[in-house]
Engineer: 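What follows is a structure written as structure tokens; I'll ask about it next.
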Protein chains: 2
Amino acid sequence: MTVNSNELQVKGCKVTPQRRLILDILSNAESHVLTAEEIVNQARAIQPNISASTIYRNLGTLTELGLLKRLDSMGEGWRYEINSGHHHHLVCLKCHNAVSIDFCPMSREVKELAEQSGFEVADHSFEIRGYCINCRVGDKKGEGAQDLVGDER
Amino acid sequence: MTVNSNELQVKGCKVTPQRRLILDILSNAESHVLTAEEIVNQARAIQPNISASTIYRNLGTLTELGLLKRLDSMGEGWRYEINSGHHHHLVCLKCHNAVSIDFCPMSREVKELAEQSGFEVADHSFEIRGYCINCRVGDKKGEGAQDLVGDER
DNA sequence: GTACTTGCAAAGATTTTGCAAGTAT
DNA sequence: ATACTTGCAAAATCTTTGCAAGTAC
């Protein structure tokens, strides 16, 4: 999943190296969903004097434009991913990898069930947490092979 | 759902007025899931000189003891509720009321689907967001009948 | 050339921590 | 009596904002 610069222009926003960098980091993260902090760190590994506020501002901007999607994060602030449509995730509790799944629990039956009480359904979230195949191999509690840290590009 | 003082003692922790207050607020909230800030505010309405740090500390402690459950909150910090077993919520985007639902998307099929990739399922979350029947009546965007504010006991 | 962006530094907001005083058991 | 808790104030985080300088178009 890559976002090219055209998509930025089409949205009526200027293509700056900082914005490209953010989008590239998230694109390369592929199966990752990164926190703002992680994006700042990875961006600094490439462009050391990029400002954190620039990144925070752009994460907001790009999310509003619909290029990024914000997920909540069990209390660790927001996590961001390239917006590639509606889907849910398997999230590894050790390495924080997030891989998309096709299954969506919001069937017509479930929606109707919710609506029985007069509730108007607007949105939903679903997330499965556990341990990915890589992290199951080692010790689940260990701090071993955290693949989020490091340069990642 | 009420937590009596015995449960605190059984967990090997002292029964202080502050802890009772926190549990009472959350018990009375019934269908509410409150943020730390809301709990602080409600607590202060009753015991004005209670310290916010006491509440933060106790929310942590009570969660570790399993008396409370922490939910994440689309970026607004944690929300807390009395731990009354596994269930999911319909959350109103206007008044933030959270009502429990019985339906759980984690069927055996879904679990197996997740496990096909070698993922070990540990946990999951599911939340339906929208507008509760009370809030549908009025203007959804208005700030009108926020029933979280106020003294609530 | 001009409006939008950036970096910096400072301000905000929220949560955590150290420590002496207070309290439940 | 004593170990656990509290309140206070200070620190630590994380995120936002104001503004002058810089940049994409």
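Proteins get letters first, then strands, A, B, ... in listed order; numbering begins at 1 in each.
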Engineer: With sequence neighbours left out, write down each residue that passes ring pair (Phe, Tyr, Trp, His ring centres under 6.0 Å) with A:H89, or none if nothing qualifies.
Structural biologist: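 Ring pair (Phe, Tyr, Trp, His ring centres under 6.0 Å) list for A:H89, sorted by chain: A:H87.
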Engineer: Could you give the NZ-to-C1' distance, from A:K14 to C:dC4, as a whole number of Å?
Structural biologist: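 Spelled out: NZ on A:K14 to C1' on C:dC4 is 4 Å.
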Engineer: Do we see a donor-acceptor contact under 3.5 Å between the side chains of A:H124 and A:H88?
Structural biologist: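 Yes, side-chain donor-acceptor contact under 3.5 Å.
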Engineer: What's the closest nucleotide to the side chain of B:Y56 if the choices are D:dT15, C:dT6, C:dT15?
Structural biologist: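 It is C:dT15.
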Engineer: Partners of B:S51 by side-chain hydrogen bond (donor to acceptor under 3.5 Å, both in side chains), sequence neighbours excluded?
Structural biologist: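 By the side-chain hydrogen bond (donor to acceptor under 3.5 Å, both in side chains) rule, B:S51 matches B:S53.
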Engineer: List the residues meeting side-chain hydrogen bond (donor to acceptor under 3.5 Å, both in side chains) with B:N58, not counting sequence neighbours, and say none if there are none.
Structural biologist: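 With sequence neighbours excluded, B:N58 shows a side-chain hydrogen bond (donor to acceptor under 3.5 Å, both in side chains) to B:R19, given in chain and number order.
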Engineer: Between B:L21 (CG) and C:dT23 (P), how many Å, whole number?
Structural biologist: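 For the pair B:L21 CG and C:dT23 P, the rounded distance is 16 Å.
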Engineer: B:I39 has an atom CD1; how far is it from atom C1' of C:dT14, in whole Å?
Structural biologist: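 Going from CD1 in B:I39 over to C1' in C:dT14 covers 14 Å.
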Engineer: Provide, to the nearest angstrom, the distance between the CZ atom belonging to A:R19 and the C1' atom belonging to D:dC25.
Structural biologist: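 About 13 Å, once rounded to whole Å.
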Engineer: Roughly how far, to the nearest 0.5 Å, is CG of B:L67 from OG1 of B:T61?
Structural biologist: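 If I round to the nearest 0.5 Å, the distance is 10.5 Å.
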Engineer: Holding to side-chain hydrogen bond (donor to acceptor under 3.5 Å, both in side chains), I want the full list of residues that pass it with B:E112, two or more places apart in sequence or in another chain.
Structural biologist: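 side-chain hydrogen bond (donor to acceptor under 3.5 Å, both in side chains) check on B:E112 returns B:R108.
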Engineer: Only counting residues at least two apart or in another chain, list the ones meeting side-chain hydrogen bond (donor to acceptor under 3.5 Å, both in side chains) with B:D24.
Structural biologist: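 B:D24: side-chain hydrogen bond (donor to acceptor under 3.5 Å, both in side chains) contacts with B:R20.
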Engineer: Could you tell me the separation between the OG atom of A:S84 and the NZ atom of A:K69, rounded to the nearest 0.5 Å?
Structural biologist: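 Rounded to the nearest 0.5 Å, the OG-NZ separation comes to 6.0 Å.
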Engineer: Calculate the interatomic distance between B:R20 atom CZ and D:dT6 atom P; express it in whole Å.
Structural biologist: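 Those two atoms, CZ and P, are 13 Å apart.
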Engineer: Please give, in whole Å, the distance from D:dT5 C1' to B:L59 CG?
Structural biologist: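 Taking atom C1' of D:dT5 as the reference, CG of B:L59 is at 15 Å.
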Engineer: Respond yes when some side-chain nitrogen or oxygen of A:T16 is under 4.0 Å from OP1 or OP2 of C:dC4, and no when none is.
Structural biologist: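 False: A:T16 side-chain N/O out of range (4.0 Å or more) of C:dC4 OP1/OP2.
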Engineer: Side chain of B:Q9, heavy atoms from C-beta onward: which of D:dT6, C:dT25, D:dT5 has the nearest atom to it?
Structural biologist: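 The closest nucleotide is C:dT25.
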Engineer: So, using side chain to side chain contact (heavy atoms under 4.5 Å, CB included) as the criterion, who are the partners of B:V110 when residues are at least two apart?
Structural biologist: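 In terms of side chain to side chain contact (heavy atoms under 4.5 Å, CB included), with neighbours along the sequence ignored, B:V110 is linked to A:F103, A:F126, A:I128, B:M106, B:S107.
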Engineer: Given C:dT16, C:dA24, C:dT5, identify the nucleotide with an atom nearest to the side chain of B:P17.
Structural biologist: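 Closest nucleotide to the B:P17 side chain: C:dA24.
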Engineer: Tell me whether A:V91 shares a hydrophobic cluster with B:L71, the cluster being built from Ile, Leu, Val, Met, Phe, Trp, Tyr side chains joined at under 4.5 Å.
Structural biologist: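 In one cluster with A:V91: B:L71, no.
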Engineer: Would you list the protein and nucleotides 10-13 of chain C atom pairs, both N or O, that sit under 3.5 Å from each other?
Structural biologist:
none

Engineer: Holding to side chain to side chain contact (heavy atoms under 4.5 Å, CB included), I want the full list of residues that pass it with A:E37, two or more places apart in sequence or in another chain.
Structural biologist: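 Residues passing side chain to side chain contact (heavy atoms under 4.5 Å, CB included) with A:E37: A:T35, A:N41.
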Engineer: Dump every N/O contact between nucleotides 7-9 of chain D and the protein below 3.5 Å, one line per pair.
Structural biologist:
| residue | atom | partner | partner atom | Å |
| --- | --- | --- | --- | --- |
| D:dG7 | OP1 | B:Q18 | NE2 | 3.1 |
| D:dG7 | OP2 | B:S51 | N | 3.1 |
| D:dG7 | OP2 | B:T54 | OG1 | 2.7 |
| D:dG7 | N7 | B:R57 | NH2 | 3.0 |
| D:dG7 | O6 | B:R57 | NH1 | 3.3 |
| D:dG7 | O6 | B:R57 | NH2 | 3.3 |
| D:dC8 | N4 | B:S53 | OG | 3.0 |

Engineer: Going by side chain to side chain contact (heavy atoms under 4.5 Å, CB included), name the residues that satisfy it together with B:A36, two or more places apart in sequence or in a different chain.
Structural biologist: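 Result, side chain to side chain contact (heavy atoms under 4.5 Å, CB included) vs B:A36: B:Y56, B:L59, B:Y80.
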Engineer: Tell me the bend of the helix from C:dG1-D:dC25 to C:dT25-D:dA1 as the angle between end helix axes, each from five pairs, rounded to the nearest 10 degrees.
Structural biologist: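 About 40°, once rounded to a multiple of 10°.
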Engineer: Roughly, in whole Å, what's the span from CG in A:L8 to C1' in D:dA24?
Structural biologist: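 That distance rounds to 12 Å.
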Engineer: Output the rounded distance in Å from NZ (A:K11) to C1' (D:dC25).
Structural biologist: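 Atom-to-atom, A:K11 to D:dC25, this comes out as 20 Å.
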